[in-house]
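Heavy atoms only: backbone and side chains are in, while hydrogens, waters and symmetry mates are out. Computed from a prediction, not measured in an experiment: that's the story for all the values here.
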Amino acid sequence: MALAPIVLDSDPGLDDAVALQYLLGCGLWDLKAYTAVGGNVPMEQVFRNARGLARAFGIDGDVPVHPGAGRTISRVDSASDFHGPTGLGDEVLADSTAPEQSEPAAAALLRLSRQYEGELTVVATGPLTNVATALLQDPSFAHRVRRLVFMGGAAQVPGNCTPLAEFNVWADPDAADIVVSSGIPYTMVGLDATHGWHFTHEDLDRLVAAGPGQELTVRIMRAYLKAYDINRGQGSCPLHDPLAVGVAADESFVTTGSGTVVVECASELGRGQTVFLPKAKAGSYNYPSRILDREKHTGRVALGTGPRDFSAHFTETLLRRPTI
């Protein structure tokens, strides 16, 4: 049976890097493109990181890496040093052996959505700039994609870069709002669920013991654990971006609710807040009609962890997909 076509839109990023490894290890998809988007570090660096990761995982001859938009839709500053100076801790990867793609990420998304209409899954683990750009260029993109799963938002829990906002949405709130109001079939995998699945030092020990082929992954995950220890005082790290890939494969890793997401774009204080209006309470809120009209655009939102253990599955899957 043919593997399902998928695009990974990413801003690598430590957990983005292992999200790619996890996707490849699952063996469920035919990765048609790896598209880069500015977020954890600026666009130029994430593009270099994406090309380097494609080479490290042995896909640079088969999977094109496309550069994303040079700026966000929102035109706001979203600089962060959480992922280290290169975005991959201190890691500087050898560049891909493939020629650089000139086709921008949004154009690649549109082309692939036409080629695989009704079949294409898109997983976005960074700000939604590229997906929103594709929608602005061709709104019918929303109806050609089989499914969008994106890591971002916080429906019923606090944010991680402000009290209200999760980083990926905060980094380009206008892009996120364009996406969730477009009619695209989406699942939002935000902090409500990602903070429930963690990678621990014991998991790291399993990767170390695996030996050859996991050295890069060990360095990346060690840097990720260190970042959470320094910045959050945690001895483990949430599996934010890998979980979005996991949900694309099996939604039983999370529990979900259906409803409408509205993103706060105008307020500096509330920038990037994702307001979740559950479908079960449709029309019952005292919002202006322009907000309530949004309830015709619904999606699925991860509201917590599910019955299947994602943390265990994540580590097991990485062990099946070493670097070359």
Side-chain angles (χ1 to χ4, degrees), residues 1 3-4 6 8 10 14-29 31 121-125 145-160 166 168-169 180 184-207 210 217 221 224-225 228 232 234-261 274-282 298-321:
M1 186 174 68
L3 298 178
I6 194 169
L8 180 61
S10 181
L14 296 164
D15 55 334
D16 303 80
V18 290
L20 172 64
Q21 184 179 0
Y22 173 79
L23 185 153
L24 297 171
C26 285
L28 297 174
W29 295 287
L31 183 59
T121 294
V122 178
V123 176
T125 62
V145 172
R146 177 178 174 270
R147 186 185 188 196
L148 167 70
V149 181
F150 70 91
M151 190 280 128
Q156 299 174 341
V157 298
N160 62 356
E166 176 276 330
N168 282 345
V169 176
V180 296
I184 198 168
Y186 70 84
T187 301
M188 182 178 98
V189 180
L191 303 182
D192 307 72
T194 63
H195 277 163
W197 295 123
H198 282 244
F199 183 88
T200 67
H201 285 276
E202 289 73 22
D203 296 319
L204 182 66
D205 290 342
R206 290 187 65 193
L207 296 179
T217 308
M221 293 310 292
Y224 197 40
L225 284 164
Y228 265 91
R232 303 281 193 271
Q234 295 178 205
S236 62
C237 50
L239 293 169
H240 297 297
D241 295 337
L243 183 60
V245 179
V247 169
D250 184 353
E251 207 167 271
S252 70
F253 291 127
V254 297
T255 55
T256 61
S258 295
T260 298
V261 175
T274 46
V275 180
F276 176 54
L277 310 177
K279 189 174 182 180
K281 297 183 178 180
T298 61
R300 299 181 66 75
V301 175
L303 298 175
T305 58
R308 189 177 179 194
D309 187 336
F310 179 72
S311 295
H313 189 260
F314 170 74
T315 303
E316 291 164 4
T317 302
L318 295 193
L319 290 169
R320 294 199 298 268
R321 193 53 163 83

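In this structure, the side chains of Leu148 and Thr187 stay at 4.5 Å or more apart for every pair of heavy atoms. A 4.5 Å side-chain heavy-atom check between Val261 and Val301 finds at least one atom pair inside the cut-off. Two residues are said to be in side-chain contact when any heavy atoms from C-beta on lie closer than 4.5 Å; Arg146 and Val122 fail this criterion. Two residues are said to be in side-chain contact when any heavy atoms from C-beta on lie closer than 4.5 Å; Val157 and His195 fail this criterion. Looking only at side-chain heavy atoms (C-beta outward), Thr125 and Ser10 come within less than 4.5 Å of each other. Taking 4.5 Å as the limit, every side-chain heavy atom of Tyr186 sits out of range of all side-chain heavy atoms of Arg147. Looking at Pro242 and Phe310, their side chains come closer than 4.5 Å, going by heavy atoms from C-beta outward. A 4.5 Å side-chain heavy-atom check between Val254 and Thr194 finds every atom pair outside the cut-off.
For the residue pair Leu319 and Ala210, the shortest heavy atom distance occurs at CD2-CB, 3.5 Å. Taking both residues in full, the closest heavy atoms of Ala244 and Val149 are given as O-CG1, 3.3 Å, listed atom of the first, atom of the second, then distance. Minimum heavy-atom separation, Val245 to Leu8: CG2-CD1, 4.4 Å. Ala302 and Ala193 make their closest contact through CB-CB, 3.8 Å (heavy atoms, listed as atom of the first residue, atom of the second, distance). Counting all heavy atoms, side chain and backbone alike, Gly196 lies closest to Thr305 at CA-CG2, 3.5 Å. The minimum heavy-atom distance linking Leu207 with Thr315 is given by the pair CD2-CG2, 4.4 Å.
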Show the numbers, then the answer: is there a side chain to side chain contact (heavy atoms under 4.5 Å, CB included) between Val189 and His240? CA-CA 8 Å; Val189 180; His240 297 297; over 6 Å; no
Test log, rule side chain to side chain contact (heavy atoms under 4.5 Å, CB included), inputs Met188 and Val180: CA-CA 9 Å; Met188 182 178 98; Val180 296; 5.8 Å; no
So Phe199 and Leu225, side chain to side chain contact (heavy atoms under 4.5 Å, CB included) or not? Walk me through it. CA-CA 8 Å; Phe199 183 88; Leu225 284 164; 4.1 Å; yes
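Atoms CG and CG, on Leu239 and Asp15 in that order, are 8.0 Å from each other to the nearest 0.5 Å. Going from atom CG of Leu204 over to atom OG of Ser236 covers 12.0 Å, rounded to the nearest 0.5 Å. In this structure, Ile6 CD1 and Cys26 SG are separated by 9.0 Å, a value rounded to the nearest 0.5 Å. A distance of 4.0 Å separates CE of Met151 from CD of Glu166, quoted to the nearest 0.5 Å. The structure places CH2 of Trp29 at 5.0 Å from CG of Leu23, a figure rounded to the nearest 0.5 Å. Taking NE2 from His198 and SG from Cys237, the interatomic distance works out to 8.0 Å, rounded to the nearest 0.5 Å.
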Side-chain donor-acceptor pairs of residues 274-281 under 3.5 Å, sequence neighbours excluded:
{"from": "Thr274", "atom 1": "OG1", "to": "Ala154", "atom 2": "N", "distance (Å)": "2.9"}
{"from": "Thr274", "atom 1": "OG1", "to": "Ala154", "atom 2": "O", "distance (Å)": "3.0"}

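For residues 190-203, the set of pairs meeting the salt bridge (charged side-chain N to carboxylate O under 4.0 Å, His left out) definition, not counting sequence neighbours, is empty.
Here Phe253 and Phe314 keep their ring centres 6.0 angstrom or further from each other.
With hydrogens and angles ignored, the 3.5 Å screen pairs a side-chain donor or acceptor of Gln21 with a backbone N or O of Arg321.
Residues meeting the side chain to side chain donor-acceptor pair (under 3.5 Å) test with Ser252, sequence neighbours left out: Asp250.
Ring geometry, Tyr22 versus His313: the interplanar angle exceeds 60°, so the pair is classed perpendicular (tilted spans 30 to 60°).
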